[in-house]
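Structure first, then comments.
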Protein chains: 2
Amino acid sequence: MLKSEKEAAETIGETVFRRIRQDIISGALPPGSKIRLEQTKERYSVSVSTLREILSRLTTENLVIAEGQRGFEVSPASRQELLELADLRILLESHAIGLSFATGDLDWEARIVAAHHKLSAIERQLLEGDASRTVDWVRYDWEFHQALVSACNSETLMATLSSVFDRFLRYHLLAESFRGKPVVDDHRRLFELAMKRDVGGARDILTRHVRNGTEHVLTSGRIR
Amino acid sequence: MLKSEKEAAETIGETVFRRIRQDIISGALPPGSKIRLEQTKERYSVSVSTLREILSRLTTENLVIAEGQRGFEVSPASRQELLELADLRILLESHAIGLSFATGDLDWEARIVAAHHKLSAIERQLLEGDASRTVDWVRYDWEFHQALVSACNSETLMATLSSVFDRFLRYHLLAESFRGKPVVDDHRRLFELAMKRDVGGARDILTRHVRNGTEHVLTSGRIR
DNA sequence: ACAGGCTAGAATTCCGATAATATGATGTTT
DNA sequence: AAACATCATATTATCGGAATTCTAGCCTGT
């Protein structure tokens, strides 16, 4: 988890991988759209081989679909998948919260305090109408939720949750609207409950948080 | 040449992907071992590009690790990961059992009956000492557990569970020994509880089932 | 020993070629 | 007009090889 010194060995594939993944999650590459290799390799300035490598990777976490001899396409968005992801996120994150709250030490608390501080600062700006910070908000939101579970002591759980979270996030970014004050309140409550190590309470808030978010995305009407 | 139709839709990459994945799970490619591209591409008769594509895919589910400019290696096995996988399997499969038991119809019951029939037939042979069937047992075991959750109605959950299951299975195959009668009894109980739609009971058995399996692997002494 | 540099081997990336397949247009039959 | 066959074009899947960069083992001189 310490990634200090030897970060220099970044390969092109790795970099572009993150870029494409980001573009899918953010909606820059819209759901269901065909990914033509010649065209896309220009866009990201990589060769076909490297591009295929990247797209292949993304198929494993279902952000991209590879069909027989028909190439790749961005995984389509469906109401059904959104509901499944919401369910899974609640399951995984609730579990992780239980583990994390039980063993978190002072460093863990500090991470949460810090993450919530940044998050709520951005949220204040958002509520005041400064929409330019939504990109930051997305990152800080994830970092806050990650901080909450960061003491769960299971790489595997964190990785799985992370993938589910990102795929869930894609639907929110497709809906293109910040849910507003209820979200901010949820985060504050989660923060307080974490400090009190109230697992049950946190789980309840989280569950509502995710379900309301899902509802919000669905009623925004951009998902079929 | 004539094209054999059913098989034509499969790409080489797909085929070899499954083969390599299988070889990792079965231990033919041992944990922690370096994967030299030139050498490995011979072994599976594919080009470097295709091989890299495949290995990249496997990194996403943590069966292979790609390190900076240092190539690929089979993900090492650790006591810690085994415990994490066990935990995650219990979490996911218990949840899926809840969903599945609630909505399973007659077809679902039939799938379980069929799967358990096959599984127990193999297990009888195994108990009588016919070790030649372990490969089949592994498949039928998974098919039985899959049948149990097959009515959970969540592709995402099934896919996640499937990956966790396989990675968990790798540890069992490394331990190289069938646990014997307790496993058979667990399966019979799970079968009966499924027919009775007893979610709580099934979850209890499953939890014990997985924990005992983990214990068995750990005491077999092949994992550091 | 050991620091530094050299070198053989690997990995990464790109490119061009080829065969197989899909797509779309065109024309023909019913 | 709908269904079907045929063919040209576009795209994919795969391969082998070349250029570049990085790694790791080895050598050498101190």
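In what follows, every chain begins at residue 1, and chains take the letters A, B, ... in the order their sequences are listed.
We find that CD of B/E10 is positioned 15 Å from C1' of C/dA20, with the value rounded to whole Å. Distance, B/E14 CD to D/dT12 P: 17 Å, rounded to whole Å. Distance CD1 (B/I12) to P (C/dT21): 11 Å, rounded to an integer number of Å. The nearest whole Å value for the distance from the CD1 atom in B/I54 to the P atom in D/dA13 is 13 Å. At whole-Å resolution of the value, CZ in A/R70 and C1' in D/dT11 are 13 Å apart. Rounding to whole angstrom units, CG of residue B/L37 and C1' of C/dT12 are separated by 9 Å. The distance from atom OH of A/Y44 to atom P of C/dC14 is 15 Å, rounded to the nearest whole Å. Following rounding to the nearest Å, A/Q69 (CD) and C/dT23 (P) show an atom-to-atom distance of 11 Å.
Picking from D/dA13, D/dC15, C/dC14 the nucleotide with the shortest atom distance to the side chain of B/T11 gives D/dA13. The side chain of B/F72 lies closest to C/dT12, out of D/dA13, D/dC15, C/dT12.
A/E61 and A/R21 are joined by a salt bridge, as a carboxylate oxygen and a charged side-chain nitrogen come within less than 4.0 angstrom of each other. A salt bridge links B/R211 to B/D87: one of the charged nitrogens lies within less than 4.0 Å of a carboxylate oxygen.
For B/R52, a side-chain nitrogen or oxygen approaches OP1 or OP2 of C/dT12 to under 4.0 Å. Dashed line: the shortest gap from a side-chain N or O of B/T50 to OP1 or OP2 of D/dC15 is under 4.0 Å. When the side-chain nitrogen and oxygen atoms of A/S49 are compared with OP1 and OP2 of C/dT12, none of them lie within a distance under 4.0 Å.
As judged by a 4.0 angstrom heavy-atom cut-off over every strand, B/K34 is placed among residues touching the sugar-phosphate backbone only. If you check every strand for non-hydrogen atoms under 4.0 Å, B/L51 touches nothing. Within 4.0 Å of A/S56, counting heavy atoms only, lies no atom of the nucleic acid at all. Using a 4.0 Å heavy-atom distance criterion, B/R36 is classed as a sugar-phosphate-only contact. Looking at heavy-atom distances under 4.0 Å, B/L55 makes no contact with the nucleic acid at all. A/V48 comes within 4.0 angstrom of nothing in the nucleic acid, heavy atoms only.
A/D166 and A/I25 get closest at one heavy-atom pair: CB-CD1, 3.6 Å. Closest heavy-atom contact between A/N153 and B/Q80: O-NE2, 3.3 Å.
The number of heavy atoms from other shown groups lying within 6.0 Å of CZ (A/R79) does not exceed 12.
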